[in-house]
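Taking it in order: structure first as structure tokens, then the write-up.
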Amino acid sequence: EVHLVESGGGLVQAGGSLRLSCAASGFTFDGYAIGWFRQAPGKEREGIYCISPRHEARYYADSVNGRFTMSTDNAKNTVYLEMNSLKPEDTAVYYCAVRVLGRGKSWYPCADYDYWGQGTQVTVSS
């Protein structure tokens with residue numbers, strides 16, 4: 001069973017940094033597209049960072065370009081989202097998710113992935 005657990009969220013001042021973690025159990029990230037998404041109050045969920053299964057291609061939203069970076073640790077079966085220069089508009093619940101490729105599915109677009117974690121709250125104060 002695919003299981004994802006996010007952690008690392010919290011309250012931070014504008015300009016600060018956080019590192020979110022997404023630990024997988026029941027499967028390994030190999031062969032899956034991986035993404036980070038967020039949903040702010042009253043807004044639709046948006047894909048902010050997605051990578052292809054072999055990590056040869058990645059997408060990141062303009063809003064996080066140059067500030068957020070995704071990395072993976074295969075030994076720990078964990079992916080991370082390093083978030084720097086945080087802004088109040090980054091306040092949201094952050095989710096990691098994976099997509100199973102094949103049958104016409106691609107890693108892109110960075111949306112509507114197959115398996116999701118429960119989310120972790122990030123709040124950035126001004």
Side-chain angles (χ1 to χ4, degrees):
E1 181 181 357
V2 174
H3 194 52
L4 299 166
V5 178
E6 301 95 335
S7 61
L11 174 64
V12 63
Q13 289 188 334
S17 299
L18 281 174
R19 188 178 75 162
L20 305 183
S21 300
C22 174
S25 61
F27 77 109
T28 65
F29 284 113
D30 289 346
Y32 287 80
I34 310 166
W36 283 96
F37 304 79
R38 68 184 181 186
Q39 187 165 21
K43 295 187 177 180
E44 292 187 356
R45 186 173 62 200
E46 64 168 330
I48 56 172
Y49 211 117
C50 289
I51 59 175
S52 59
R54 296 179 181 178
H55 306 179
E56 76 279 14
R58 58 186 63 208
Y59 160 86
Y60 40 83
D62 289 342
S63 58
V64 306
N65 185 17
R67 300 188 300 124
F68 291 11
T69 302
M70 180 193 292
S71 62
T72 60
D73 186 331
N74 290 336
K76 295 183 178 180
N77 209 24
T78 299
V79 299
Y80 303 97
L81 184 69
E82 188 76 36
M83 307 187 296
N84 298 310
S85 302
L86 283 162
K87 305 174 181 179
E89 51 264 44
D90 294 319
T91 295
V93 178
Y94 284 71
Y95 302 88
C96 67
V98 296
R99 170 175 283 171
V100 181
L101 272 61
R103 297 185 179 181
K105 285 186 175 181
S106 173
W107 71 276
Y108 185 83
C110 186
D112 299 325
Y113 273 27
D114 299 313
Y115 299 98
W116 296 79
Q118 84 290 347
T120 185
Q121 176 71 46
V122 172
T123 302
V124 184
S125 62
S126 57

Under 3.5 Å, is there a donor-acceptor pair between the side chain of [X] and the main chain of [Y]?
X	Y	answer
S85	R67	no
R99	A33	no
R19	G8	no

**OP:** Anything under 30° is parallel, anything over 60° is perpendicular, the rest tilted; go ahead and classify Y113 against F37.
**Re:** perpendicular

Atom pair [atom1]/[atom2] of [X] and [Y] - distance to nearest 0.5 Å:
X	Y	atom1	atom2	value
H3	Q118	NE2	CD	7.5 Å
M70	L81	CE	CG	6.5 Å
Y80	S7	OH	OG	8.5 Å
D30	N77	CG	CG	8.0 Å
S25	E1	OG	CD	8.0 Å
S71	H55	OG	NE2	10.0 Å

Evaluate the side-chain proximity of [Y] to [X]: yes if any heavy-atom separation is below 4.5 Å, no if none is.
X	Y	result
V12	M83	no
Y59	P109	no
D114	K105	yes
Y49	N65	no
T72	F29	no
D112	R45	yes
D90	R38	yes
W116	L4	no

Original post:
Do F27 and Y32 make the cut of ring centroids closer than 6.0 angstrom?
Top reply: yes

Nearest non-hydrogen partners of [X] and [Y], listed with the distance:
X	Y	result
L20	G9	CD2-N, 3.6 Å
C110	I48	SG-N, 4.2 Å
P88	A14	CD-CB, 4.1 Å

Original post:
Taking atom CD of Q13 as the centre, does the number of heavy atoms from other residues, nucleotides or ligands within less than 6.0 Å exceed 12?
Top reply: no

**OP:** Evaluate the side-chain contact (heavy atoms from CB on, under 4.5 Å) criterion for residues W36 and I51: first the C-alpha distance (whole Å), next the side-chain angles of each, then the deciding distance (0.1 Å), finally the verdict.
**Re:** CA-CA 9 Å; W36 283 96; I51 59 175; over 6 Å; no

**OP:** Only pairs at least two apart or in different chains count here, so list each ring-ring contact (aromatic ring centres under 6.0 Å, His included) that has a residue in residues 87-107.
**Re:** none

